[in-house]
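Have a look at the structure below before the remarks.
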Amino acid sequence: MKRKDILGIAGLSPVEISVILDLAESTKGINERTVKKVPTLRGRTVINLFFETSTRTRLSFEIAQKRLSADTVNFSVSTSSISKGETLVDTAKNLAAMGPSVVVIRHGVAGFPHQLAQLMQASVINAGDGFHEHPTQALLDLMTMREKKKEIEGLKVAILGDIARSRVARSNILCLKKMGAFVKVMGPRSMLPFDIQKMGVDVTSSVQEAIEGADVVMALRIQAERDMAPRFPSLREYNRYFGLKTKHLKYLKPDCIIMHPGPINRGVEIDPEVADGPLSVILEQVKNGVAIRMAVLLLLLGGRSIYEIGD
Amino acid sequence: MKLVIKGGRIISPGDGIDLVGDIQIENGVIKRLSDSQTDTEGADVLKLGESIDESTLNKEFIVIDATGLIVAPGFVDIHVHFREPGYEDAETIETGMMAAAAGGFTSVVTMPNTNPAIDNQSQALFVLSEAKKHGYVHVFPAGAITLGRKGKALASIGEMAEAGIVAITDDGDCVMDGMVMRRALEYSSSFGVKVISHSEDKTLAAGGAMNEGIVSTTLGLPPIPPQAETIMVFRDIALCELTGVPVHIAHVSTAKSLDLVRQAKAAGLNVTAEVAPHHLTLTDEAVAEYDTNTKVNPPLRTQADIDALIEGLIDGTLDAIATDHAPHTSTDKSRDYISAPFGIVGLESAVPVCLDRLHHKKGLPIEILIEKLTVGPARAIGMQKGTLREGEIADITILDLQKEVTIDPSNFHSKGKNCPFAGWSLTGAPVVTITAGKIKMMDGKLVC
Ligand SMILES: [Zn+2]
């Protein structure tokens with residue numbers, strides 16, 4: 001199995017997804033050792049190119065790279081000359097001049113990593129593009145679900161929040177559908193994109209309806225509106241009608257798990273009692289994030305058998 | 001100087017002509033059009049497909065052997081952006097005219113969204129005088145509806161009309177204020193210029209980059225709903241009804257807009273409409289690779305829209321095919337999908353795309369296709385073009401329906417290479433363009 005880029009879940013086959021998850025189980029083992037470092041990617045340069053601020057995802061990638069002994073270079077818009085004014089071709093040339101093996105890209109516009117990947121020899125990993133995809137997030141979410149629920153096929157997953165502007169939602173929908181899960185999305189109509197049901201999901205605007213019978217409930221981060229035409233009146237009102245609240249706990253299956261891609265807006269999309277409660281696996285997601293990103297890097301760069309690093 | 005086009009199938013829908021015969025041109029004017037043979041004794045014969053000695057073109061008496069070819073009135077494109085003044089990196093009036101002639105067109109209507117905008121007499125005169133320097137095609141400028149295309153105060157419509165504009169439009173922007181649009185229609189009616197509506201509710205389209213549908217949902221790009229177009233098509237039809245002044249709807253892209261135009265025509269309103277080749281051949285699926293050459297306004301829609309639009313050509317709801325030729329520099333297009341500007345070049349791909357995809361593949365009769373590229377657009381704007389009559393200026397396009405071409409933007413005369421048809425192999429192409437009796441393009445090469 002060899003591919004140049006990981007641009008989205010859309011381009012991955014179920015077999016590839018399973019291979020990445022299996023590999024991540026091995027890399028997770030490295031993370032639990034005292035010496036959390038293997039020499040597999042020694043001498044390889046990885047550039048983290050972030051056009052959007054993201055401490056968590058960037059850090060997660062960076063830790064993954066360091067544990068594999070890769071040389072990492074971080075570019076963020078504020079500290080580099082690469083700005084919005086530069087053309088794609090220029091950006092690609094400048095990056096190529098640094099001779100990276102992999103470029104990890106986050107950008108505020110859908111498709112940017114795809115455009116750049118076509119112009120570059122190096123592998124590209126999409127770390128989030130606009131409202132499009134965030135494949136490593138979906139993979140780490142899937143890994144967490146597999147750990148807790150064993151079987152993905154037939155699993156009932158509810159995704160709550162701003163579906164229209166969530167790359168996490170899109171990648172998770174694609175990923176879960178590929179692996180045979182049922183997905184229900186919930187949000188006010190103003191946050192549900194046109195024809196979303198055509199992605200094979202059930203749609204509701206009722207929290208209770210979304211979470212009843214669900215094996216997994218995933219809440220997405222809601223941010224205050226800066227748009228001209230806001231999708232909701234206030235965070236307070238969002239919480240009241242669309243937040244995952246303590247009062248909803250009684251509708252949840254006892255073995256349901258609560259997930260969130262972080263960072264959490266407590267008291268907006270999720271009440272603290274729910275986020276910090278016994279059903280929450282949010283910190284497990286963070287751990288799996290490093291393992292998945294190590295697995296993805298190994299998959300793209302590992303010349304030898306990717307299973308070798310397991311022990 | 002004498003030029004005879006011999007033995008071609010002459011099709012001129014505006015004159016009810018469809019015959020095999022000859023056209024004789026003298027001093028730039030059609031002298032004779034007949035199904036009988038013209039005496040061509042002593043003439044130099046130009047055979048297409050063979051290398052042509054440029055000096056032959058300057059001979060006193062030339063014959064073009066058009067056997068097996070279609071001879072049509074010179075094609076008229078009522079929607080082009082030549083970018084000058086202000087954006088000469090993207091296109092100039094000269095390169096735009098070259099692209100038009102190379103693509104089989106002899107007349108174009110230039111949009112006023114230059115910098116500065118064409119909103120007063122001296123700007124209109126500038127376009128006309130630039131065009132006069134280069135004889136490739138006839139250039140008919142459109143002026144702006146409002147000053148600076150800002151949608152508020154009326155531009156100098158009367159003075160621009162006196163200078164020679166044929167239409168007014170804020171194209172690229174919609175006149176959002178209904179009262180301003182109403183006044184523009186009423187006022188302009190004294191001056192015989194057509195009002196062209198760029199129908200787009202800017203508040204609904206705000207921030208959008210592609211058609212709203214399952215594809216935009218999947219790709220995560222901000223959407224432009226089809227209703228942003230239909231709402232304004234409806235408003236401007238309603239204003240036509242209110243004022244009794246004709247309205248021309250630019251670049252109709254949705255089935256719903258088309259229905260509105262169809263109903264308006266059935267109700268006897270003087271509404272005309274055009275459609276762009278890309279809206280007849282490409283869907284929003286083409287955006288999937290984030291190629292910014294697919295970013296256009298109105299955006300690429302769906303197959304159902306394409307099917308409806310082709311039907312609209314056949315039943316007469318659509319009067320014209322117009323390219324909306326919108327060149328941009330490769331620098332501007334080499335950006336992320338949201339930052340990249342809207343626009344597709346069309347002059348040098350339109351005719352092969354239409355011949356192949358509409359005539360050959362969809363069975364659109366050639367007479368209808370020619371109508372939509374000649375008399376249809378000319379009548380919609382009120383230009384005396386698109387016909388073949390004795391005594392008229394000789395603007396002629398010759399087509400080879402079997403010619404195989406591959407679209408290669410690097411060969412375009414236009415500065416704009418932003419073409420989503422790059423690499424398409426197509427059957428059918430213009431092989432000769434004659435403007436005012438002079439051969440301007442032959443076998444795809446410009447001559448002058
Ligand atoms: Zn327009």
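Since the structure is predicted, the reported quantities are computational estimates derived from the model, not experimental observations.
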| query | Just by distance, do the side chain of A:Arg170 and the backbone of B:Leu219 share a donor-acceptor pair under 3.5 Å? | reply | no
| field | Gap separating the CG atom of A:Leu7 from the OH atom of B:Tyr290, nearest 0.5 angstrom | value | 10.0 Å
| query | Taking atom NZ of B:Lys417 as the centre, does the number of heavy atoms from other residues, nucleotides or ligands within less than 6.0 Å exceed 12? | reply | yes
| query | So, the side chain of A:Thr87 versus the backbone of B:Thr331: is there a donor-acceptor pair under 3.5 Å, distance only? | reply | no
| query | Taking all non-hydrogen atoms of both residues, which atom of A:Ala110 and which atom of B:Gly220 are closest, and how far apart? | reply | CB-O, 3.5 Å
| said: Quick one about B:Tyr337 and A:His132 (side-chain donor to acceptor, distance below 3.5 Å, no hydrogens or angles considered), yes or no? | reply: no
| More than 12 non-hydrogen atoms from neighbouring residues, nucleotides or ligands closer than 6.0 Å to NZ on B:Lys152, yes or no? | no
| Hey, what do you get for CZ (B:Arg335) to CG (A:Asp90), rounding to the nearest 0.5 Å? | 8.5 Å
| Crowded around B:Lys415 NZ? As in, over 12 foreign heavy atoms under 6.0 Å? | yes
| message | Are there over 12 heavy-atom neighbours, none belonging to A:Phe182, within less than 6.0 Å of that residue's CZ? | response | no
| task | Locate the shortest heavy-atom distance separating A:Gln115 from B:Asp336; write the atom from each residue and the value. | result | OE1-CA, 3.3 Å
| query | B:Thr217 side chain to A:Ile196 main-chain N or O, any donor-acceptor pair under 3.5 Å? | reply | no
| Does atom NZ of A:Lys93 have more than 12 heavy-atom neighbours, drawn from other residues, nucleotides or ligands, at distances under 6.0 Å? | no
| query | Are there more than 12 heavy atoms of other residues, nucleotides or ligands under 6.0 Å from atom NZ of B:Lys256? | reply | no
| Under 4.5 Å from any heavy atom of chain B - which part of A:Gln118 | side chain
| field | Neighbour count above 12 (heavy atom, 6.0 Å) for A:Gln121 CD | value | no
